[in-house]
Amino acid sequence: MTGTELSEMKAVVDSELAVAHLVFKVADLKRSCEFYSNLGLPPLFIEEKFAIVELRGGTHLLLFEVGLAGEEVAESVTGQFHERLSERFDLMIKGKGLNELKKYRLELINRGIAAEEIPDEAFFGHHLFCVKDPDGNGITIYTSHES
């Protein structure tokens with residue numbers, strides 16, 4: 001399919017599909033739950049070696065402590081850190097502005113999360129910065145496109 005063909009496709013206004021789950025294997029469930037709680041995503045459900053973190057919109061991040069997940073769950077390979085088109089885990093804040101992103105970044109730093117600098121230029125209209133979870137998964141946090 002060419003770029004012209006793609007641009008001529010009708011946009012789906014009300015998709016019947018949504019992301020249900022993202023799965024990460026983690027080395028230390030407690031440490032990972034604490035990290036995601038500090039991002040503002042507290043676990044919805046925690047067992048000894050498994051947790052469910054609910055994201056806005058009803059999507060769930062499933063955290064499996066290594067050993068519980070077994071061979072059927074692939075190793076995590078997320079993380080972009082500004083490398084185009086590589087796999088990544090992206091989150092959006094509710095705010096649309098750079099100042100809201102700066103405030104959120106500072107809150108994370110105050111909670112002990114190492115957050116990279118916000119680049120001067122926007123990426124497709126979004127400001128962003130990156131963090132890593134305790135297992136080294138790269139997470140890019142963007143400003144929202146909500147109206």
Side-chain angles (χ1 to χ4, degrees), residues 3 6 9 11-147:
L6 285 174
M9 291 177 65
V12 176
V13 176
D14 188 17
S15 176
E16 294 185 23
L17 294 175
V19 175
H21 302 102
L22 302 167
V23 178
F24 280 0
K25 281 185 178 179
V26 299
D28 182 328
L29 185 67
K30 182 179 178 186
R31 183 177 67 182
S32 292
C33 286
E34 185 176 301
F35 172 83
Y36 286 101
S37 290
N38 281 332
L39 284 183
L41 302 169
L44 176 65
F45 174 83
I46 303 174
E47 281 193 349
E48 185 178 342
K49 296 191 180 263
F50 169 73
I52 300 173
V53 176
E54 187 165 5
L55 306 173
R56 190 172 39 161
T59 300
H60 294 103
L61 174 60
L62 307 179
L63 303 175
F64 288 92
E65 193 163 292
V66 173
L68 174 69
E71 294 298 318
E72 63 275 7
V73 178
E75 292 295 329
S76 295
V77 290
T78 60
Q80 75 176 24
F81 292 96
H82 309 298
E83 293 180 26
R84 276 198 156 182
L85 305 176
S86 64
E87 291 188 323
R88 60 188 169 265
F89 182 45
D90 298 342
L91 298 171
M92 282 187 171
I93 65 169
K94 286 185 179 181
K96 292 172 61 174
L98 178 58
N99 286 335
E100 291 163 293
L101 188 68
K102 286 178 179 179
K103 180 181 175 192
Y104 178 72
R105 180 181 170 275
L106 185 57
E107 289 170 4
L108 295 185
I109 291 169
N110 289 335
R111 293 180 197 148
I113 295 176
E116 292 186 1
E117 294 294 324
I118 299 171
D120 291 334
E121 63 279 344
F123 181 72
F124 288 97
H126 300 273
H127 294 283
L128 61 96
F129 68 89
C130 298
V131 299
K132 284 187 182 181
D133 79 1
D135 292 282
N137 295 305
I139 300 169
T140 303
I141 300 174
Y142 291 89
T143 52
S144 180
H145 52 71
E146 293 179 355
S147 49

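Scope of the values below: all heavy atoms of this structure, side chains included, with no hydrogens, waters or symmetry mates. Since the model is a prediction, treat every value here as computed from it, not as a measurement.
- Inter-residue side-chain proximity for Pro134 and Val26 is flagged as unmet; no heavy-atom pair is nearer than 4.5 Å.
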Passes side-chain contact (heavy atoms from CB on, under 4.5 Å), Lys102 versus His127? Steps please. CA-CA 10 Å; Lys102 286 178 179 179; His127 294 283; over 6 Å; no
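- Under a 3.5 Å cut-off, the side chain of Arg56 and the backbone N or O of Met92 do form a donor-acceptor pair.
- For the atom pair Arg105 CZ and Leu98 CG, the distance stands at 11.0 Å (nearest 0.5 Å).
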What's the verdict on side-chain contact (heavy atoms from CB on, under 4.5 Å) for Glu65 and Glu48, showing C-alpha distance, side-chain angles and the deciding distance? CA-CA 9 Å; Glu65 193 163 292; Glu48 185 178 342; over 6 Å; no
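- Classified by interplanar angle (parallel below 30°, tilted 30° to 60°, perpendicular above 60°), the ring pair Tyr36/Phe24 is tilted.
- Under the 3.5 Å distance criterion, the side-chain polar atoms of His21 are left unmatched by any main-chain donor or acceptor of His60.
- Across all their heavy atoms, Ala27 and Arg31 have their closest contact at CB-NH2, 4.2 Å.
- Taking SG of Cys33 as the reference point, atom CG of Asn38 lies at 11.5 Å (rounded to 0.5 Å).
- Phe89 places a side-chain heavy atom less than 4.5 Å from the side chain of Leu22.
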side-chain contact (heavy atoms from CB on, under 4.5 Å) assessment of Leu63 paired with Leu29: CA-CA 7 Å; Leu63 303 175; Leu29 185 67; 3.8 Å; yes
Assess whether side-chain contact (heavy atoms from CB on, under 4.5 Å) is satisfied between Ser32 and Asp133, documenting all intermediate values. CA-CA 7 Å; Ser32 292; Asp133 79 1; 5.5 Å; no
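- Results of the side chain to side chain contact (heavy atoms under 4.5 Å, CB included) test with Leu91 over Thr140, Leu61, Ile139, Val131 single out Ile139 as the only residue that passes.
- Put simply, the side chain of Ile141 reaches to within 4.5 Å of the side chain of Leu101, judged on heavy atoms.
- Between Glu34 and Lys30, none of the side-chain N atoms (NZ, or NE/NH1/NH2) sits under 4.0 Å from a carboxylate O, so this pair counts as no salt bridge.
- Distance CD1/Ile113 to CG/Leu39: 4.5 Å, rounded to 0.5 Å.
- Inter-residue side-chain proximity for Phe35 and Asp28 is flagged as unmet; no heavy-atom pair is nearer than 4.5 Å.
- Shown here for Lys96 and Thr143, the closest heavy-atom pair between the two residues is O-CB, 3.6 Å.
- Side-chain N or O atoms of Glu116 include none that pairs as donor or acceptor with a backbone N or O of Cys130 at under 3.5 Å.
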